[in-house]
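This is the structure I want to talk about, given as structure tokens.
The first residue in the sequence is number 1, and the count goes up from there.
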Amino acid sequence: MLSELYIENVAVIEKAAVSFSHGMTVLTGETGAGKSILIDAINAVLGGRTSKDLVRSGAEECRVSALFGELTPEIQALLEEMGFAPTEDGTLILSRKLSASGKNLCRINGQPASVTMLRQLGGALVNIHGQHDSQALLNEEQHITFLDHFGELTPMLEEYRLLHRDLVELRHRLRDTMIDEMEKTRKIDLLEYQIAEIESARLNPGEEEELTERRDLIRNSAHILQEMKTALGALEGEEDEGIEGAYGMLSLASQALVFASGRYPSLAALSDRVTELMYATESSAEELRLQVESMDFDPEELDQAEDRLELIHNLERKYGQTIEEMLDFLERAKEELSGITANDELRMRLQEEYEAKKALAFEKAQTLSDARKETARRFEAEIQGQLAFLDMPHVRFVTDVQKTKLTVNGIDAIRFLISTNPGEEPKPVSKIASGGELSRIILAIKNVLSSRDSVDTMIFDEVDTGVSGSAAQKIGQKLKELAGGKQVFSITHLAQVAAMADHHLLITKEVENGRTYTHVQELVQEQRAEELARMISGPNVTALMLENAREMLARGETVGKRAEKTSGYKAPKQN
């Protein structure tokens, strides 16, 4: 329950501290006096969207604090989940400071908090009903929410939505595995061709370099052989020509030095080196001779080497600049081909899982749909009773349930239809209802849903717009009945509604020294009569109007006593 509200520098309100009690409280005053500003302030401290324009002109910041008492177990559990605890006296204090620059400072029981935390708590503490409710009623997508709330079907819906979420995820995964069959066939054919072409070449790392070297050797073999023979002749000499070679000359030198060193020992080392050169030359000549004898190339070998190199070069133009790169390409192609095959297996498995999950989702959705249809009949009956009381006895309210494909809400499309005149077919609310009818339909829905709502405080912002006469009185009575189990606030311009209240706050505005100020005053009994008379007749209040206002207040007390009997709740004593 909202116990106290403190406002500072909010729009035209410089400072205001307001206390609240159980039951029904109305806020009245001239248009523009600041009634809706109080609601804006409450909405702000509950984490609603705000604007820096909310800050009073000339002030650096505005502040709003709200004190809540008699906290429900749900609120206490939510506080503990957030890491907060009630104060020592079991109350809850929410506060929010908004600077002219747009910065926010939020606190819960004096501890720093975020706007999101305020909003989460605020949704569990207070329901504010105003123009947006009419928009929700006109928006057919919101109708299913009303029905599910009435039938307490939210747990069933959440259970279904878990299945639906899994179903959507499976559908996305399936879509990722599905490629066009022609494209898949083309890709498989290409990969198989590429793999076969590379594998048939039987490539070996380093092969290209070896082939290139062998080809170049064969191409230049004649010139190489000639040079090798020339070198061999230089080493061994030419017997036919009588030319002494390097080996013969070194042999002669070695023999001479061996003879000389026998007589001149200092030449021994030099003799040994020359002898080593002789043997090395002999060995080199022998190795070169063998090379010359082995220089016998088949012309076909050159053709084979060149053909092989041409094959490798052709493959390199397609699959890589080296044999190593082509072999890497081969492995990737094999992996991709294997992936396509595995993808088919994955797709089949996902398809089976999807179909099973879809069948289960349909089963849950059908169960939910059956519950909604049964709920719709009860909902219609209760709304019909509320509308009859609110001077709309000939209005027929219908909950139209149509089957759809699987959506996040199940297999139902829900919309509310009304027929305002006997004999007319029900049509969408948005096409039929006037402003006054919308207000009463909204109030009827709120009354029907109130017993299923754990929120203790409800605020109605001009819910009686477009209504007058007997219908206005009935709205007041319904708000009074609602206040039997809830704390109810209502901003109203109708005396019939204000007369039903347990508490009456008058919002006035005055200009002092060129500045506008709004004041909040709680009215006592005679003051209430004067305010009701003003609401009926304007500024010129007559004795007859005052008497009429007192009579309205008396009727309001009578309605309150009847509400006590039906609800078991003791309404606060009127001022």
- Task: Name all residues meeting the ring pair (Phe, Tyr, Trp, His ring centres under 6.0 Å) criterion together with Phe416; count only those two or more places apart in sequence or in a different chain, and write none if there are none.
- Result: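 Checked Phe416 against ring pair (Phe, Tyr, Trp, His ring centres under 6.0 Å); matches are His143, Phe379, Phe397.
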
- Set of residues satisfying side chain to side chain donor-acceptor pair (under 3.5 Å) with respect to Glu352, sequence neighbours excluded: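 Per chain and number, Glu352 pairs via side chain to side chain donor-acceptor pair (under 3.5 Å) with no residue.
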
- Task: Taking only Lys NZ, Arg NE, NH1 and NH2, and the carboxylate oxygens of Asp or Glu, determine whether Arg396 and Glu380 approach each other closer than 4.0 Å.
- Result: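 No, no charged N to carboxylate O under 4.0 Å.
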
Taking distance alone, no hydrogens or angles, what donor-acceptor pairs closer than 3.5 Å link side-chain atoms of residues 63-73 to residues at least two apart or in another chain?
unit_1 : atom_1 : unit_2 : atom_2 : d
Arg63  : NE     : Glu61  : OE2    : 3.2
Arg63  : NH2    : Glu61  : OE2    : 3.0
Glu70  : OE1    : His22  : NE2    : 3.1
Glu70  : OE2    : His22  : NE2    : 3.0
Thr72  : OG1    : Glu74  : OE1    : 3.3
Thr72  : OG1    : Ile75  : N      : 3.2

- Item | Set of salt bridge (Lys or Arg N to Asp or Glu O under 4.0 Å) partners for Lys474, sequence neighbours left out |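 With neighbours one apart ignored, the set is Asp391.
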
Identify each donor-acceptor pair in which a side-chain atom of residues 326-335 lies under 3.5 Å from a protein atom, sequence neighbours left out, and give them as a table.
unit_1 : atom_1 : unit_2 : atom_2 : d
Lys334 : NZ     : Glu199 : OE2    : 2.8

- Message: Suppose we screen for salt bridge (Lys or Arg N to Asp or Glu O under 4.0 Å). Which residues come up paired with Glu363, at least two apart in sequence or across chains?
- Response: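 In terms of salt bridge (Lys or Arg N to Asp or Glu O under 4.0 Å), with neighbours along the sequence ignored, Glu363 is linked to no residue.
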
- Item | Residues in side chain to side chain donor-acceptor pair (under 3.5 Å) contact with Thr154, at least two apart in sequence or another chain |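 Testing Thr154 for side chain to side chain donor-acceptor pair (under 3.5 Å), a comparison that skips the adjacent residues, returns none.
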
- Just jot down the side chain to side chain donor-acceptor pair (under 3.5 Å) partners of Asn409, sequence neighbours excluded, or say none.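 Result, side chain to side chain donor-acceptor pair (under 3.5 Å) vs Asn409: Arg161.
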
- Using the test ring pair (Phe, Tyr, Trp, His ring centres under 6.0 Å), find all partners of Phe20 that sit at least two apart in sequence or belong to another chain.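 Result, ring pair (Phe, Tyr, Trp, His ring centres under 6.0 Å) vs Phe20: Phe489.
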
- Query: Residues two or more places apart in sequence or in another chain: which of them pass ring pair (Phe, Tyr, Trp, His ring centres under 6.0 Å) with His164?
  - Reply: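 Tyr160.
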
Sequence neighbours left out, cut at 3.5 Å: what donor-acceptor pairs do the side chains of residues 41-52 make with other protein atoms?
unit_1 : atom_1 : unit_2 : atom_2 : d
Thr50  : OG1    : Arg96  : NH2    : 3.4
Ser51  : OG     : Asp53  : N      : 3.1
Ser51  : OG     : Asp53  : OD2    : 3.4

- Applying side chain to side chain donor-acceptor pair (under 3.5 Å), name anything that partners Ser36, two or more places apart in sequence or on another chain.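 Applying side chain to side chain donor-acceptor pair (under 3.5 Å) to Ser36 gives none.
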
